[in-house]
Each structure stands twice: as C-alpha cells, then as structure tokens.
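Right, one structure below, let's go through it.
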Protein chains: 2
Amino acid sequence: MGRPTIADIAERVGVSKGAVSFALNGRPGVSEATRARILQAAKEMNWRPHSAARALGGSRAEAVGLVIARPASTLGVEPFFAQLLSGLQARLSAQSVAMHLLVVEDVEAEIEVYREWASAHRVDGFIMVDPQVRDPRIDALQELEVPAVVLGGPGRHGSLSSVWADDREAMLSVVDYLAALGHRRVAHVAGLPRFRHTQRRMRALRDSVRRLGLVEAVSVPTDFSDAEGAAATRALLSRGRRPTAIVYDSDVMALAGLGVAGEMGVRVPDELSIVAFDDSVLTRVTHPAITSLSRDTFALGGQVAEVLLELIADPGRPRDLKTATPRLVVRESTAPPSRDA
Amino acid sequence: MGRPTIADIAERVGVSKGAVSFALNGRPGVSEATRARILQAAKEMNWRPHSAARALGGSRAEAVGLVIARPASTLGVEPFFAQLLSGLQARLSAQSVAMHLLVVEDVEAEIEVYREWASAHRVDGFIMVDPQVRDPRIDALQELEVPAVVLGGPGRHGSLSSVWADDREAMLSVVDYLAALGHRRVAHVAGLPRFRHTQRRMRALRDSVRRLGLVEAVSVPTDFSDAEGAAATRALLSRGRRPTAIVYDSDVMALAGLGVAGEMGVRVPDELSIVAFDDSVLTRVTHPAITSLSRDTFALGGQVAEVLLELIADPGRPRDLKTATPRLVVRESTAPPSRDA
DNA sequence: AGTTTACGAACCGTGTATCGG
DNA sequence: TCCGATACACGGTTCGTAAAC
C-alpha cells in the first residue's frame, strides 16, 4: 500500500472519513475518546496531509509566490536579492510557509504566472518587486483579488499593500552631505528609468539643484549592470568639466565606478567622491571603502513577509508600512573636492 | 462565476468533460473539428489548468524542492548560494518549472519536509545540498523513491544522483602550488567537519605532508562564519612558529582572515600567503586581491537543474556528473615565503 | 427535548478507463 | 475504427441528517 489516506485511517479505527477529518483538524464533532484513537492511528500509520487535495477544497496552500522579471544571472551578483530572500525565508519558515520562486523574461510573463498560480491556488499570496511606472502587474493582482505586497512606494499601488523606504529622503541626505562638503558638480549613475525608485531618486537630485546652489546635477540611466555602471563613469570622467562626486544606484555599480576611476588615474576621494545606494559587504572591503546608504535588507525581507502573512490571515484593509530611511554611512570614498577641480 | 473549469467548457461546447480533457492535452480521442472548437472556447473563457487538481490525479507538479538546513541569515552572506540559486533558476525557468524553497532548523526537519512535499506531490524532485557524513537524508530520500540530486560527491549517496566537483584534486592543486612557492608551514581554516567536502579537503591536505615534505599542515574546523574564520586566523598567527600560508574554505572567511592579518600587522603576501576556496566578486575587490579556487557556480546550478529535470523525465538509472575541478586563479595574496619566516 | 456524536454522500477540478454508437 | 459519453479515481472537507445519550 502506498501512502495512507484518511480513508485508511477511518477503516482501521472503524469510523467514517468525516470523523477522521474533524479529529485531525482539531475541530468539534467527535468525542475525545474517538479523537484520541484516530490521532493514535494516524501517528502509527505515519499519515501526512495531502496539500493538493486540500487546495482543491479551497484551503491554504501554505506558500507564497515570488516571481522576478530580471535575468537570472543578476540575482547572484546583486547582494540585495540574496539578503532579501534570506529575510523573507527567516520569517516565512518560522510558520512553515514555503516560497514558490520563479524567474521570468518580462512583466507580461510575470502576470501570466500570477494568473496561473492564483487560479490553481498554488500560493496564498504574492510579493511583487521592482514596481514600475504605470505597472500592469498592479491591475492584474488587484483583479485576481489575491493578497499581495509591493516592495516599493509610497503610493501608486492601488488597493495592494506595500512596504517601502523613502528613496527621496535618502537621496536628499546624500546630496545634502555632498553639498556640505563643498561639492557643486554632482552626477548620478542611475538604474532603469522605468523603475519608480529610480525616478524618485532622479527627481530628488533635480529638486536639490536650486536649494543647494549646485552647478550641475545630471542623472545617467543604466541597466544596473557593472558594465553600464563602468561605461557611465567613463563618460562622466571624460568630460571637460568633471563632476567632483558621483552617486551610484547600487553597490555593484559603485564598485565598477571605483575601478574605472583607478584606471583613469582619478584619485578617490581626492579628485572624486563616490557614494553608493545599497550597502553590503562589497562596499566595506574595497580601498578606499565606499561611503554608502545603508539599510538592513535582511530585516526588510522579514517585514515584507510579516505584512504578507498578516494580510493572508486577515485580508481586510491594505497595509502600508514605511521602513526606516537608509542612513548614510561615511567611509573613505568621500571628501571635500580638491581646490583645482 | 469564478474561474472556468473544463466542465464549463464542456457545457458551452456541448461535449463531455472527458472530451475536453483529451482536447486540451493534445491526446487522440476527439476529432480535429471538435478539438478546435474546444480550444477556441478554452481560450475565450480564459481557462487555466488547476495544478492542485492535476497533482491529485498523480501528474507532474512542475516544481522542484530545495530545502536548506542553515541559518537563513547566512544565505545572504555566502555568494555561493545566491549564485547557485541563479543557475538553478536559469535552467528551471526555461521549462517553467518553479522552485519550492524552504529554510529549516536542522537535518531532521529537512527530512520531515521531504516527506510532506513528496507525499503531497508538491514537487517532482529534490535538490539536496551539504551532504554530511552518514547523512540520514540519503536514506530518507531513497525510501521516498522520489527523484533527487545530491550536490556533492563522489559516491556515498546510494541510488541518488549526484553532481560534484573534485574537492580533493582542488585542494591538492592549492597545496602543490604553495609548496612550489617554497611554503612548508601551511594551515587550513576549514568548514564544518560534518560536511563531507570539508573532510575531503582536510584529508587531501594531510595526505600531502609527506609527498611535499611539509613541516606543518594543520586544519582548523569552523562553522563557516566570518567570526570563526577571524578567530582561527588570530589563533594561527599568534603561535610561536606561524604558518606562512593559510587556505580558507570559503571566500568570506578568507576576507575575514585578511582583515585579521592587517590588524596584527602581518603583511600579505610578504609574510603570509592567503588562498580562498570559492571565488566571487569578494576576492577580486580586496587589496591585495585574493588568490582563489574558482569555479562557475552559476553553471553548476544549471547542471544540477539539468540532471534533476532529466531524472524526472526518465527516472531510470541514477546520474553521476563530475563537473570541472575548480582551478586556481592566482592574484596578489600569494608569494614565496619571506626568508626569515 | 435538547445536545452531542458520527455517518454517508456530495464536492473541489482533472485525468483516464470502459463501453456504446 | 473512430469518436465521444459515462463513470470513477485522486484525498480531503463539509453539510445534511439521523442516531444515541
């Protein structure tokens, strides 16, 4: 005989399937004596629930879905994702909730996966990352009426829940710091312009120009790769009048930029200050170590998981959790601009 | 009405459920005309298969399971895991096979999850990592008669399949290189002794002593954390007669060791050579850059996925795939020992 | 008479074997 | 011989109902 079913237990104990189901789920409807006999038999027979059968009946799948529309190869490079995954796992596994993970080509494929997993009740909810301008995933998830948490904000995610950090505030703190050091020509090697958080950072920089009396404040969009980060840096440093400080939208790009500065004989921080959004071990082990906006990504993952689990347990009003604004950790890559720059 | 089922399609087209099932699965038993009408209706009604219902019938779950018995917090720190996950995803998502991921406390909990997922047919197969000495998971997976690939070898995994690299050969290449440089006192900051690959590396070092005429070759076990890596380094460098070279079982520990050497005023590579097992961006950005055993972990993940998918499609004899032996990439952290050392 | 206890059957959505036209 | 209908399996939950206390 294969794996035992509740029918097998029912037969052995001499009761009906229904009684076994009630007993195993701790629900009223059976006497304590019968319940004990059923539980005993289930234990002896090594019975385990069949989640597919349960899902068919409409109960919890005990899993959440994370679908990512990025090249799989970048996942291993960006410390951010690994940290986020760890944090999610730490919280989810505490309740034995698994994670259904899939990497897809683009946002349309991502939506299709949402539809499939939701209609098959494969997961109880979704985590959506990298919210974009006019993101079609928002509407899709709302239509599906499935619990979902968007990582990013504020706002613009309809009735979905969200967990977010204040990117604008973070960028302002960087620019304020650089201006206070005396920098007037600040460049920004940004990420993908279709991402909302990229837009927010670009706007924050632009908005600072007048307030801080900056002479120049240009944002160069990239695809987040170290290659484009290096290329953008090379272009910026080849200009007639160089920026005296560059802000990078990721630690990986900042690292690439630091390498380019070295190649071109531009001394950091004497001739060029470098700041990275997103902190990780990468920024700490370089020479000079890179001044970074630091946040606890592991904790962020935990918060996202927490909100999603709450939402699944009680799908009332949507949640909106603002997490701590990344704070600037000053290391060795920033200094006042040199006199002749 | 909620999501459409094959019964709804059957009603609309005016055929039986069975006919719809055959048509949607491209199986003989319906005329081409009927099939076309059914497919058309399914498309119009936006029908999607219900994986739970299928799983109940015993067909594919279109997912594989990865259960990891490590603290969740280490996943984000070890570049190895992120790279491996990326590689797995790259291969799996090409066939729209999802991954069921869960982090657990210990190996016993891991086995329990295997039992649950297998009996509920939640996944079609498993990937098992970190094989240990007398690993109870091997027996458990064999009993379950479910496709499974062990990452690590050679041998000792019964009827399960495996994908592995030659750890012994790799360690020998490191020791040979150090000996050729003139080192005679070599230390090894190892990982968890219960891991088979740790054991293999320790043995390989021990076996080299006579052959290469080493004066000293000690392995210090750790838990793979940067803290214990640092502590082990501190202990080794505090001895009367220091080792002139240290081999670390991970890049994270090598980094920690490099930091300790700096603190203690031990110059690398003049007074101490450092080599890391496992290469990543970490080893390239330090000063000095760390000589490492490099392998393509992303590709490794792809190979593991490939073998598992094959095994699921055709569960015949177990596979055993030896991957390329990690090759030594010499950077700036190794040099001949100084005269007075 | 009211409450506790348990039975039997229907149901969830899909796949497949049997059988009839 | 082909096409399609009917019926049941898969494992667990739920509901109406009836019997026992």
Side-chain angles (χ1 to χ4, degrees), chain A residues 1-39 41-42 45-63 115-124, chain B residues 1-39 41-42 45-63 115-124:
Chain A
M1 198 191 75
R3 51 183 299 284
T5 70
I6 57 167
D8 299 324
I9 300 176
E11 191 184 0
R12 167 145 157 190
V13 178
V15 295
S16 69
K17 275 169 52 177
V20 174
S21 178
F22 285 133
L24 291 173
N25 291 307
R27 300 173 44 142
V30 285
S31 66
E32 281 313 311
T34 309
R35 185 187 303 275
R37 279 165 54 222
I38 291 172
L39 290 177
M45 298 172 76
N46 213 8
W47 175 86
R48 268 166 245 280
H50 194 301
S51 63
R54 279 189 170 156
L56 202 52
S59 52
R60 293 279 163 74
E62 299 298 339
R115 296 224 168 93
E116 282 174 12
W117 288 6
S119 85
H121 202 175
R122 232 167 136 136
V123 297
D124 302 315
Chain B
M1 199 192 75
R3 52 182 300 285
T5 70
I6 57 168
D8 300 323
I9 301 176
E11 191 183 1
R12 167 147 157 189
V13 178
V15 294
S16 70
K17 279 171 33 180
V20 174
S21 179
F22 283 132
L24 290 172
N25 291 307
R27 302 176 44 126
V30 286
S31 66
E32 281 312 311
T34 311
R35 184 188 304 275
R37 279 164 53 220
I38 291 172
L39 291 177
M45 299 173 76
N46 212 10
W47 175 86
R48 270 166 244 280
H50 194 301
S51 62
R54 281 189 169 159
L56 198 53
S59 53
R60 293 278 163 75
E62 299 298 338
R115 297 225 167 92
E116 283 175 11
W117 289 5
S119 84
H121 202 173
R122 228 165 142 143
V123 297
D124 301 315

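Computed from a prediction, not measured in an experiment: that's the story for all the values here. Quick note on labels: first sequence line is chain A, next is B, and so on, each numbered from 1.
Note: CZ (A:R122) to P (C:dG13) measures 17 Å, nearest angstrom. Atoms CD (B:E32) and C1' (D:dG4) sit 14 Å apart, rounded to a whole Å. Rounded to an integer number of Å, the gap from CG of A:L56 to C1' of D:dA9 is 12 Å. The distance between atom CD of B:E11 and atom C1' of D:dA5, rounded to the nearest whole Å, is 16 Å. Regarding A:D8, its CG atom lies at a distance of 10 Å from the P atom of D:dC10, rounded to whole Å. Look at CD on B:E62: it is 15 Å from P on C:dT14, rounded to the nearest Å. One atom, CD of A:E116, and another, P of C:dG13, lie 17 Å apart when rounded to the nearest Å.
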Please tabulate the protein-to-nucleotide N/O contacts below 3.5 Å involving nucleotides 19-21 of chain C, giving atom names and distances.
none

Which pairs, protein N/O on one side and nucleotides 12-16 of chain D N/O on the other, fall under 3.5 Å?
from: D:dG12; atom 1: OP1; to: A:W47; atom 2: NE1; distance (Å): 3.1
from: D:dG12; atom 1: OP1; to: A:R48; atom 2: O; distance (Å): 3.4
from: D:dG12; atom 1: OP1; to: A:H50; atom 2: N; distance (Å): 3.4
from: D:dG12; atom 1: OP2; to: A:I6; atom 2: N; distance (Å): 2.9
from: D:dG12; atom 1: N7; to: A:K17; atom 2: NZ; distance (Å): 3.3
from: D:dG12; atom 1: O6; to: A:K17; atom 2: NZ; distance (Å): 3.1
from: D:dT13; atom 1: OP1; to: A:N25; atom 2: ND2; distance (Å): 3.3
from: D:dT13; atom 1: OP1; to: A:R54; atom 2: NE; distance (Å): 2.8
from: D:dT13; atom 1: OP1; to: A:R54; atom 2: NH2; distance (Å): 3.3
from: D:dT13; atom 1: OP2; to: A:S21; atom 2: OG; distance (Å): 2.8
from: D:dT13; atom 1: OP2; to: A:N25; atom 2: ND2; distance (Å): 3.2
from: D:dT14; atom 1: OP2; to: A:R27; atom 2: NH1; distance (Å): 2.7

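Here NE2 of B:H121 is found 11.0 Å from OG of B:S51. Values are rounded to the nearest 0.5 Å. In this structure, the separation between CD1 on A:I38 and CD1 on A:I9 is 8.0 Å, given to the nearest 0.5 Å. For the atom pair A:R3 CZ and A:M45 CE, the distance stands at 11.0 Å (nearest 0.5 Å). Atom CG of residue B:L39 and atom CZ of residue B:R37 lie 11.5 Å apart, to the nearest 0.5 angstrom. We find the CD-CZ distance between A:E62 and B:R122 to be 7.5 Å, quoted to the nearest 0.5 Å. Atoms CD and OG1, from B:E11 and B:T5 in turn, are 9.0 Å apart once rounded to the nearest 0.5 Å.
Closest of all the heavy-atom pairs between B:A120 and A:A52 is O-CB, 4.1 Å.
In this structure, A:G58 reaches neither bases nor backbone, as no heavy-atom distance under 4.0 Å exists between it and the strands shown. Within the nucleic acid shown, B:S31 comes within 4.0 Å of sugar-phosphate atoms alone, with no base atom in reach, counting heavy atoms only.
Inter-residue side-chain proximity for A:H50 and B:L56 is flagged as met; some heavy-atom pair is nearer than 4.5 Å.
Residues A:A52 and B:G14 both approach DNA chain D. Their nearest nucleotides, taken by heavy-atom distance, put B:G14 toward the 5′ side.
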Show your working on side chain to side chain contact (heavy atoms under 4.5 Å, CB included) between A:R12 and A:D8 and close with a plain yes or no.
CA-CA 6 Å; A:R12 167 145 157 190; A:D8 299 324; over 6 Å; no
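Closest to the side chain of B:T34, out of D:dG4, C:dA6, C:dG13, is D:dG4.
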